[in-house]
Amino acid sequence: MLGLLETGSGFWSAIIWIVLVLVIGSIVIYIRNKGEDSYKKNTEQDKPFISGNPEESKESSHLSANHIYWGFTEALKGYYNPLVKMHTGNINDYSSWIIMLTVIILIVIGVSG
Amino acid sequence: MKEMSRIVKTVTNFVYGFIIIFGFYIIAHGHLTPGGGFQGGAVVGSAFALLLVSYGSLNSNKFLKKDIFSLFENFGLTLFIVLGFSGLGITFFYNFLANSGSWFGDAAVIGINPGDMNTGGVIPLMNIAVGLEVLSAFGVILLTMARGAEFTKKKENS
Amino acid sequence: MNLSNHIPILIIAIPLLAAFLVPLIGRINKKATGILTTLALSVSLIFTIALAVKILTVGPQVYVFGATSPSLTLPSGLKFPIRIMLQIDAMSIFMGLITAVISFFGAIYSLSFIKKYDGVDKYYSLLLLLTVGMFGMEFTGDIFNFFVFLEIASIASVALISFRGVDYGEPAEAGFKYMMVSSISALMVLFAVGIFYGQYDLLNFAAIASMIKYSQLDKIALGLLIPVLAMKAGAVPMHMWTPDAYSEAPAPITMILVAASQASLYALFRIVFSLYNISLNALTVGWIIIIFGLLSMFIGVTMAIVQKDIKRLMAYHAVSQTGYMLLGVGVGLAVLANPVALQKYGITAMEGGIFHIMNHAMYKGLLFLTAGALFFRTGTRDLNKMGGLAHYMKYTTIFFIIGAAAIAGLPPFNGFASKLLIYESVYRFNPLLSIIAMVVSILTLASFVKVFHSAFLGPKLPQFKEVKEVPRSMVFAMAVLSCIIIFFGLFPDLIVKNLVHPAVMSLIEQLQYTGTVLGGM
Amino acid sequence: MIGNLPYIAVAIFIGLGIYTLMFKKNLIKIAIGVCLIENGVNLFLITLGYKKGAIAPIYTQAPSGQAMVLPTPQALTLTSIVIGIATTALILSVAMMIYKHYGTLDTDQVRRLRG
């Protein structure tokens with residue numbers, strides 16, 4: 001069949017996948033369309049709940065890239081600090097890495113025989 | 001770069017023509033003796049460097065024109081690759097002139113020989129193309145760098 | 001004159017001729033330079049496709065420069081392959097197709113992108129030279145010629161990276177760093193060439209491969225070649241030039257640089273598989289490549305998460321995706337000496353790795369082009385300053401979504417197909433490697449969600465009121481790459497069966513490679 | 001032993017070049033380091049084709065009956081010199097551009113791109 005990729009332990013077919021997604025998606029949409037009885041459009045229910053605080057203007061509510069995954073990087077500080085420090089941007093370090101790696105690989109290949 | 005003393009300029013006037021002639025000699029004899037397009041072009045380029053150093057970059061702009069150099073550079077490169085293309089009847093870079101009796105077409109003597117200029121087929125032509133390219137490329141590089149150095153110096157002083 | 005015999009050289013020579021003609025034409029008409037470049041690259045693309053059809057149906061092709069036979073018969077009767085030649089098998093043409101497609105669309109995208117800069121003719125001339133260098137690296141059958149083309153490609157790419165260096169400092173800095181590392185690597189390659197020549201008096205890949213003994217000197221040559229070619233491909237921990245160079249080059253050049261780094265990757269595979277093959281200690285060298293792959297995948301993606309510059313972020317992803325290719329092919333190499341394991345999962349792993357090369361060139365090219373489109377309209381690459389651009393640039397947003405989904409390995413795009421091949425086969429080699437690969441894939445998705453959120457989503461920002469969709473030629477280039485990605489995603493089996501599998505087999509079977517040259521002698 | 005002297009010179013050239021690349025802080029000195037490595041590699045290639053007591057491989061008016069050194073490594077070296085010139089010219093021009101914008105050639109300060 002066209003689009004059937006053998007992977008050694010199974011197969012992958014994008015077309016079958018799309019058909020499945022369409023079938024499951026239509027079921028989900030059908031269930032969702034049955035809807036919640038107590039929901040009413042254009043009432044208080046539509047508005048975001050922010051504990052009674054005044055809503056911010058749209059322009060100032062954009063989350064800039066610096067703040068995304070702040071927790072992730074904060075938690076992995078011990079991993080990130082040395083790693084970022086390693087990328088010095090110094091051309092001497094660039095060449096040192098290459099020379100060091102070459103020496104290491106020469107030793108490994110030489111020892112392994 | 002400022003121009004140098006009168007002694008240097010006089011010696012340059014005397015010597016640069018000989019350097020250029022020597023460079024062209026090396027280009028023309030590339031298929032017989034050590035040398036060829038690149039080496040000869042580099043020798044001619046060194047004559048330009050001499051002019052540039054002794055007359056200063058501002059003065060030498062009068063007789064070394066970057067525009068003409070860059071035209072000759074492209075012309076040399078195009079000539080080289082067209083010579084490569086013209087061998088396509090057999091294969092790319094095929095020496096179709098060798099032993100044909102026409103330009104540079106005399107048969108070369110295998111072994112020790114007195115050195116006949118009229119041999120080598122397309123090789124001398126390619127040497128000339130490469131020589132043209134290299135000498136003008138050196139000219140372009142030298143003039144561009146001299147102009148860049150001028151700019152940096154101005155910035156330093158200001 | 002039979003044109004079809006000369007296709008291999010015409011693929012290289014026509015861009016070369018155009019590269020020298022472009023500055024001449026540029027004296028008369030600046031606009032014609034771009035059109036001439038596109039024309040030359042389209043001819044090259046058509047010839048590459050024709051050659052691919054020929055190779056996949058007839059077999060590997062050999063093209064000799066300057067004579068009809070690759071070898072010279074000495075008066076003593078000894079035959080010697082001395083001539084420079086092109087030797088093109090399924091793997092070479094696979095890489096050649098990538099180069100042809102990427103450079104063609106890079107040229108089309110440049111038509112509008114580069115208009116506002118000075119020195120357009122030199123830009124196109126260098127772009128063509130870079131393409132020539134890449135084609136040469138992939139097609140050549142001569143190890144010294146490989147060095148020459150490597151240098152042509154790296155000199156052209158340095159000049160292109162520092163193209164904006166007249167006005168800004170950073171591109172010049174990036175160019176300097178790239179030039180430094182690439183000249184070190186090229187000199188090490190030259191040293192290895194010297195070692196081969198001193199031992200075997202040969203420069204021909206196939207002829208060396210038939211005589212190689214894996215002596216002490218061969219080990220030194222291998223130890224010099226592996227790290228420098230891995231470095232040119234951007235493997236950790238020698239990847240530091242990648243984010244610098246990729247982020248500062250103009251966007252179409254960044255896309256072509258990705259393909260250029262893959263040409264080095266091809267050279268690494270060619271040397272390990274076709275030159276040494278079974279004679280080397282496959283397990284050790286295989287594990288070296290696997291470890292390069294693992295480090296590249298993990299460190300590349302974790303560094304990408306903390307980046308604020310959009311092209312720098314994508315450059316770290318390029319490092320990370322290179323890790324997948326190294327992992328897949330490394331597993332294939334590690335089991336090379338073991339025919340059972342090779343049949344069971346080694347070939348599949350290599351198929352995954354090689355297929356990923358093509359997929360990566362397409363979707364990473366597309367992503368860099370979208371980043372270039374953002375830069376073209378907003379004038380910034382800083383993600384903190386962007387926002388709400390989906391309101392203004394609808395097509396670019398769609399293309400970005402396609403590219404991001406493909407790189408993150410979401411079905412049904414092409415990245416998923418090749419990553420699945422790698423996961424399933426590597427799992428049978430060592431489950432831990434496969435799990436790390438999956439984690440990296442998730443982190444990739446996470447960091448592209450970040451880019452999508454901060455650049456495209458959000459309210460309309462006042463400073464971007466003037467922003468509108470990019471010109472038509474840029475949209476065209478991105479649209480065609482998106483179509484290729486979707487096509488590869490829907491019918492991965494067509495590509496794997498017809499292009500990738502022959503490429504893998506031509507790598508594994510050394511005799512097939514040497515036989516095309518030495519058999520004809 | 002005396003025949004191995006060129007190889008020792010090669011090692012010294014490349015070692016000095018690598019030292020310059022790793023520890024010198026000036027961009028021009030780094031460019032010189034690359035040139036040193038290049039010269040070392042070129043010397044290596046030339047030495048490979050050398051034969052003791054042989055003459056240069058030129059047939060024009062050569063003395064008869066003498067052995068000649070192998071010309072192929074010389075051709076390779078020539079090509080690599082040509083490439084080396086292009087590389088050096090490019091490195092120096094880029095270094096000039098860096099100096100124009102940064103006002104320094106110190107590698108510790110030429111690192112706006114990092115992290």
Side-chain angles (χ1 to χ4, degrees), chain A residues 1-18 20-21 56-70 72-73 76 79-80 83-84 86-113, chain C residues 176-177 180-181 184-185 188 216 219-220 222-224 226-228 231 237-238 240-241 243-244 281 284-285 288 299 302-303 305-306 308 344-345 348 383-388 411-412 416-417 420-421 424-425 427-428 446 450-451 453-455 458-462 489-494 496:
Chain A
M1 199 187 108
L2 198 66
L4 198 76
L5 179 68
E6 299 278 345
T7 58
S9 6
F11 70 92
W12 157 249
S13 166
I15 293 161
I16 296 177
W17 185 84
I18 289 174
L20 276 178
V21 164
E56 279 186 59
S57 78
K58 287 240 165 85
E59 271 74 22
S60 63
S61 69
H62 180 60
L63 194 63
S64 70
N66 249 356
H67 308 293
I68 303 174
Y69 302 134
W70 173 82
F72 181 81
T73 44
L76 293 176
Y79 170 75
Y80 270 116
L83 193 66
V84 174
M86 208 178 80
H87 294 77
T88 50
N90 191 329
I91 182 72
N92 297 120
D93 296 348
Y94 289 30
S95 18
S96 307
W97 275 111
I98 299 170
I99 308 288
M100 269 157 53
L101 251 291
T102 313
V103 171
I104 291 170
I105 287 178
L106 278 174
I107 292 170
V108 169
I109 289 179
V111 166
S112 72
Chain C
F176 190 89
K177 287 172 175 172
M180 218 34 88
V181 291
I184 296 171
S185 70
M188 286 194 184
Q216 209 64 36
K219 280 182 194 170
I220 294 174
L222 184 68
L224 290 173
I226 288 180
V228 296
M231 187 277 288
M238 302 167 291
M240 278 90 157
W241 64 269
D244 299 351
N281 190 337
T284 317
V285 180
I288 288 173
I299 293 181
T302 44
M303 281 303 290
I305 286 181
V306 295
K308 292 164 199 79
K344 230 166 143 192
Y345 55 81
T348 320
L383 282 171
N384 285 326
K385 291 182 186 149
M386 292 186 195
F416 179 75
L420 187 72
L421 284 174
E424 294 206 346
S425 51
Y427 188 84
R428 301 168 90 178
K450 167 183 165 175
V451 177
H453 177 90
S454 48
K460 291 184 181 179
L461 293 183
L490 290 182
F491 306 106
D493 58 321
L494 282 181
V496 170

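Heavy atoms only: backbone and side chains are in, while hydrogens, waters and symmetry mates are out. Chain naming here is simple, since letters A, B, ... match the order of the sequence lines and numbering starts at 1 in each.
When all heavy atoms are compared, the tightest approach of C:Ile305 to A:Tyr69 is CG2-CD1, 4.1 Å. Between A:Ile91 and C:Lys177, the shortest heavy-atom distance links the atoms CD1-CA, 3.7 Å. Contact record, C:Val285 with C:Leu222: CG2-CD2, 4.0 Å, taken as the closest heavy-atom pair.
For C:Ala446, the parts sitting under 4.5 Å from any heavy atom of chain A are the backbone and the side chain alike. For chain A, the nearby parts of C:Asn384 are the backbone and the side chain; heavy atoms of each come within less than 4.5 Å. Proximity to chain C (any heavy atom under 4.5 Å) is restricted, for A:Ile18, to the side chain, taken from C-beta onward. In this structure, chain A has heavy atoms under 4.5 Å from both the backbone and the side chain of C:Leu490. Of the atoms belonging to C:Met188, it is side-chain heavy atoms, and not backbone ones, that fall under 4.5 Å from chain A. For C:Lys308, the part lying under 4.5 angstrom from a heavy atom of chain A is the side chain only. Residue C:Met231 touches chain A through its side chain alone, counting heavy-atom pairs closer than 4.5 Å. Neither the backbone nor the side chain of C:Tyr427 comes within less than 4.5 Å of any heavy atom of chain A. Only the side chain of C:Thr348 comes within less than 4.5 Å of a heavy atom in chain A; its backbone stays farther off.
Rounded to the nearest 0.5 Å, atoms CH2 (C:Trp241) and OG (A:Ser95) are 14.5 Å apart. One distance of note links CE of A:Met86 with CE of C:Met240; it measures 4.5 Å at 0.5 Å rounding. Atoms NE2 and OH, on A:His87 and A:Tyr94 in that order, are 8.0 Å from each other to the nearest 0.5 Å.
Partner of A:Ile105 under the side chain to side chain contact (heavy atoms under 4.5 Å, CB included) criterion, chosen from A:Thr102, A:Leu101, A:Val103, A:Ile107: A:Leu101.
In terms of heavy-atom pairs under 4.5 Å with chain A, the best-connected choice from C:Lys344, C:His453, C:Met386 is C:His453. If you tally non-hydrogen atom pairs under 4.5 Å between each of C:Gly387, C:Pro411, C:Pro492, C:Gly458 and chain A, the highest count goes to C:Pro411.
Taking the side chain as every heavy atom from C-beta outward, C:Phe491 and A:Ile15 approach each other to under 4.5 Å.
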